[in-house]
Amino acid sequence: MFDFALIVQSIPFLLRGAVYTVQVSVLAIVFGLVLGWLLGLAAVSGVPALSAVSWAYVQFIRGTPLLIQIFLIYFGLPAVGINLPAFWSGVIALGLNSGGFQAEIVRAGIESIDRGQTEAARSIGMSRFKTLVFILVPQTIRRVLPPLTNELITLTKSSSLLSAIAALELTHAGQLIIARTFASFEIYAAVAIIYLALVAVLSRGSAFLEKRVFVNY
Amino acid sequence: MVILRVEHLSKSFGTTPVLNDVSLIVEKGEILIIIGPSGSGKTTLLRCIHCLEFPDRGTIVLDDVAFGAGDGPDRRWRPDPPRVLDAKRRRVGFVFQRFNLFANLTALDNVSIGPRRVLGVATTPARARAAALLDRLGLAEHAGKLPSQLSGGQQQRVAIARALSMDPALMLFDEPTSALDPELVDEVLTTMRELARSGMTMVVVTHELDFAREVGDRVIFMDAGRIVEEGRPADVFSAPREERTRAFLRRLLRIGAPHRPATSIESPRGRAHGETELTTDAAADRRA
């Protein structure tokens, strides 16, 4: 019934897909982190225009399906003359999407820091900006590490949606094998286990940061 | 020489008035004590002087420099632009009830970050000066610890050092011992006593009457957003003129200052009056 030989045979091809998945995800994570922090800081900047932009962006991102966002970039942008390959469409769509969710995590994290920290910083003459950079952000990083890890895991797994634009990532690689062999169970099981392994790496990395890099304050 | 002049300060939270036409002056080197029941506006007054809250009306002048602008015909308060306010605020130190040490920084960095990031002092001299400050307050061995590794009393002393690191012309204390376990109160009061002796100008909101009597040059009693009574601590505590002051002191002495058993105005321990004479004389000497 369960064809282990086929799985073993498929592993090289699936791993090539996994490498693609890792590449897309890592680039999207970097992009999403930068965007998420910028938007999160904009939300608490106290500058009405900036927080309005951040708010509107978050509303759009979390109000529309990721799949539609991917389609908009891959199929939609060519209409205005922007042709992006599947890989870069994926990086941008996932990064833009994750940035929106991360913005909310960062905003909530900064707002959860005791008001007294801000008051103390202002009381020694620090500007709002310096207070953010030297006092609030360092404390926020550690506090948002768990929810941020969640978000990065979600992003990595969501990259499977890129199969819909024929990006050669892990899920699509599996589908190609299944199209030839009809061995859905074996291949999807193998694909699932590879995702699990990728996510485990992220989880361990986050746990390390939490325990070793950011001291307990 | 007058260092702080507050005139006709008023503030409401929504429709609730918190400060009602409060005026006071503080002389250089003076220790002004503010007492009063909770909700009397004393903390808000202190926070307004530091512009942590903005008053609705009135003027605040520190060392001939006005905070904000409240001197128009209607005395409506107009805050300074942020940068201007940041610069003016450096000259005033603020010690919070709950310490508010920066949780991500060691004691040493808590005390050196102001000079480094606000005044632009290089890291090495800023750290050296912070270490000297901590040493002066008996905290040298705790320099490398995070706030979470310090007792409340130690945290509050580091917070005092942090405020001093900016060389303030005036120090404001907002119930600095109210959040402390009873056995930790004295170390903070000792630090404040030494600070007072060094000639620092201080405005202290406190319920520690013994401390107020010993260190204070002048005491203000506030109630319902107004200054009700003002005078030398010895006079106000032993012979309050206003009924509201009497009621408040009776209540405070019956319950006891937060950390010690009740003494009374009649002073069964028989020490309050004698000591008071001595300390006010000492305070007078210091100013002379």
Side-chain angles (χ1 to χ4, degrees), chain A residues 33 37 40-51 105-149 206 208-217, chain B residues 43 46-47 49-53 81-106 109-120 144-150 155 158-168 171-174 179:
Chain A
L33 278 172
W37 278 88
L41 293 175
V44 298
S45 64
V47 180
L50 287 180
S51 23
I105 294 174
V106 169
R107 180 184 65 79
I110 289 176
E111 284 174 353
S112 77
I113 307 289
D114 183 51
R115 247 194 90 67
Q117 297 284 309
T118 304
E119 289 188 346
R122 305 308 302 281
S123 83
I124 56 171
M126 274 198 199
S127 64
R128 284 186 69 97
F129 181 72
K130 285 182 178 171
T131 303
L132 260 181
V133 171
F134 298 117
I135 305 302
L136 298 181
V137 168
Q139 296 185 45
T140 302
I141 290 178
R142 185 171 190 286
R143 202 171 285 195
V144 299
L145 213 48
L148 220 47
T149 305
S206 164
F208 175 79
L209 286 178
E210 209 172 321
K211 288 206 187 87
R212 295 289 164 80
V213 180
F214 300 105
V215 274
N216 278 304
Y217 42 77
Chain B
T43 290
L46 221 55
R47 289 171 61 86
I49 294 175
H50 205 37
C51 291
L52 288 170
E53 324 255 4
R83 264 164 226 273
V84 177
L85 174 58
D86 290 341
K88 289 180 183 172
R89 189 140 56 178
R90 281 176 216 163
R91 310 231 28 238
V92 183
F94 199 101
V95 175
F96 298 85
Q97 186 175 350
R98 300 195 176 280
F99 336 131
N100 294 343
L101 286 183
F102 303 131
N104 56 322
L105 301 178
T106 62
D109 285 339
N110 262 281
V111 182
S112 62
I113 192 168
R116 281 171 58 206
R117 301 300 185 187
V118 179
L119 303 178
K145 292 185 186 168
L146 289 168
S148 55
Q149 298 166 311
L150 298 172
Q155 286 189 56
V158 173
I160 292 172
R162 175 177 64 185
L164 290 174
S165 74
M166 301 299 287
D167 283 324
M171 287 278 282
L172 307 175
F173 294 81
D174 182 16

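In what follows, every heavy atom counts, from backbone to side chain, and hydrogens, waters and symmetry copies are set aside.
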Counting C-beta onward and ignoring hydrogens, is there a side-chain heavy-atom pair between Leu132(A) and Leu136(A) closer than 4.5 Å? yes
Donor-acceptor pairs are to be reported for all side-chain atoms of residues 90-101 of chain B against protein atoms at under 3.5 Å, with residues two or more places apart or in another chain.
unit_1    : atom_1 : unit_2    : atom_2 : d
Arg91(B)  : NH1    : Asp63(B)  : OD2    : 3.2
Arg91(B)  : NH2    : Asp63(B)  : OD2    : 3.4
Asn100(B) : ND2    : Gly116(A) : O      : 3.4

Applying side-chain contact (heavy atoms from CB on, under 4.5 Å), name anything that partners Lys88(B), two or more places apart in sequence or on another chain. Val65(B), Phe67(B), Asp80(B), Val84(B)
Quick check on the interface: out of Val118(B), Ile113(B), Leu172(B), Leu52(B), who has the most heavy-atom pairs with chain A under 4.5 Å? Val118(B)
Could you walk me through whether Arg142(A) and Leu145(A) pass side chain to side chain contact (heavy atoms under 4.5 Å, CB included), step by step? CA-CA 5 Å; Arg142(A) 185 171 190 286; Leu145(A) 213 48; 5.6 Å; no
Members of residues 117-124 of chain A whose heavy atoms come closer than 4.5 Å to chain B: Gln117(A), Glu119(A), Ala120(A), Ala121(A), Arg122(A), Ser123(A), Ile124(A)
Pick whichever of Arg83(B), Gln149(B), Arg162(B) has the most heavy-atom pairs under 4.5 Å with chain A. Arg162(B)
For Leu33(A), check side-chain contact (heavy atoms from CB on, under 4.5 Å) against everything at least two apart and list the hits. Ile29(A), Trp37(A), Gln102(A), Leu148(A)
Between Asp174(B) and Thr43(B), is there a donor-acceptor pair closer than 3.5 Å when you use the side chain of the first and the backbone of the second? no
Value for CD1 (Ile110(A)) from CZ (Arg107(A)), rounded to nearest 0.5 Å, stands at 10.0 Å
